[in-house]
Amino acid sequence: MKLTNEQRKGKEVLHKIIEEAWNNETFKQSLLSDPEKTLEAFFGKSLPNGKKIKVTDQSDPEYLYINIPIKPYSDFEIKEKKLNKVVSSVQRTESPDFDDLSKN
């Protein structure tokens with residue numbers, strides 16, 4: 001899979017943060033306790049408004065860590081839910097609202 005420039009830049013930034021945490025225990029502890037403030041100081045600029053950062057120490061080799069990412073938005077999933085609503089109304093012998101399927 002080919003990365004976009006933005007993805008490549010994000011990967012580089014993440015590697016800088018991880019490398020600094022591996023080599024600097026004070027930075028690591030600060031990153032764990034106050035990630036926003038630590039990263040703003042590290043990069044010398046403010047983070048985007050409204051975004052929070054959660055940092056966990058996953059360096060214990062005794063554990064296997066799993067990160068559950070945000071569920072991707074699926075237009076198909078939304079349409080499927082609307083279709084189920086129409087099918088449900090037909091099963092209850094109500095007039096189905098087929099217009100609901102064409103709405104976003």
Side-chain angles (χ1 to χ4, degrees):
M1 179 173 83
K2 187 175 179 180
L3 297 177
T4 66
N5 287 338
E6 187 175 329
Q7 289 170 324
R8 196 173 5 266
K9 185 177 178 182
K11 190 175 179 180
E12 290 171 9
V13 166
L14 183 59
H15 284 278
K16 284 181 184 179
I17 295 167
I18 292 169
E19 186 174 341
E20 184 68 21
W22 282 342
N23 296 319
N24 182 339
E25 186 64 27
T26 302
F27 175 82
K28 178 181 174 179
Q29 293 307 316
S30 179
L31 188 61
L32 288 166
S33 64
D34 193 348
E36 290 87 358
K37 183 178 176 183
T38 303
L39 292 175
E40 285 179 351
F42 185 68
F43 290 111
K45 55 180 156 180
S46 297
L47 299 173
N49 286 335
K51 291 292 180 183
K52 296 179 187 177
I53 298 175
K54 184 170 187 166
V55 177
T56 57
D57 183 355
Q58 299 182 358
S59 60
D60 187 338
E62 296 290 316
Y63 290 90
L64 172 65
Y65 297 93
I66 299 172
N67 180 46
I68 302 171
I70 189 169
K71 186 176 179 181
Y73 170 77
S74 169
D75 193 37
F76 173 76
E77 187 176 297
I78 301 293
K79 290 180 181 175
E80 184 179 30
K81 286 179 182 178
K82 288 181 179 181
L83 179 60
N84 287 338
K85 183 178 172 185
V86 170
V87 169
S88 176
S89 68
V90 170
Q91 289 173 340
R92 290 190 313 260
T93 67
E94 297 174 9
S95 293
D97 186 1
F98 291 108
D99 291 331
D100 204 28
L101 287 174
S102 63
K103 298 175 189 170
N104 285 337

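Numbering starts at 1 and runs along the sequence shown.
Under the side chain to side chain contact (heavy atoms under 4.5 Å, CB included) criterion, Ser33 pairs with no residue at all, not counting sequence neighbours. For Glu25, the side chain to side chain contact (heavy atoms under 4.5 Å, CB included) test picks out Lys28, Gln29, with sequence neighbours left out. Shown here are the side chain to side chain contact (heavy atoms under 4.5 Å, CB included) partners of Glu36, two or more places apart in sequence or in another chain: Asp34, Leu47, Lys52, Ile53.
Distance alone, capped at 3.5 Å, is enough to place a donor-acceptor pair between the Asn23 side chain and the Glu19 backbone.
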- Message: The test is side-chain contact (heavy atoms from CB on, under 4.5 Å); show your working for Arg8 and Asn5 and say whether it passes.
- Response: CA-CA 5 Å; Arg8 196 173 5 266; Asn5 287 338; 2.8 Å; yes
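Interatomic distance, Ile17 CD1 to Leu39 CG, rounded to the nearest 0.5 Å: 4.5 Å. In this structure, Leu31 CG and Glu20 CD are separated by 10.0 Å, a value rounded to the nearest 0.5 Å.
Of all heavy-atom pairs spanning Asp57 and Tyr65, the tightest one is O-OH, 4.0 Å. Shortest non-hydrogen contact noted between Lys11 and Leu3 is CD-CD1, 4.1 Å.
Applying the ring-ring contact (aromatic ring centres under 6.0 Å, His included) test to every pair with at least one member in residues 32-55, sequence neighbours left out, gives these pairs: Phe27-Phe42. The ring-ring contact (aromatic ring centres under 6.0 Å, His included) pairs that include a residue from residues 3-25 number zero, where partners must be two or more places apart or lie in different chains. Listed by first then second residue, pairs satisfying side chain to side chain donor-acceptor pair (under 3.5 Å) with a partner in residues 38-49 read Ser30-Thr38, not counting sequence neighbours.
A donor and an acceptor atom, one from each side chain of Glu6 and Thr4, are nowhere located under 3.5 Å apart.
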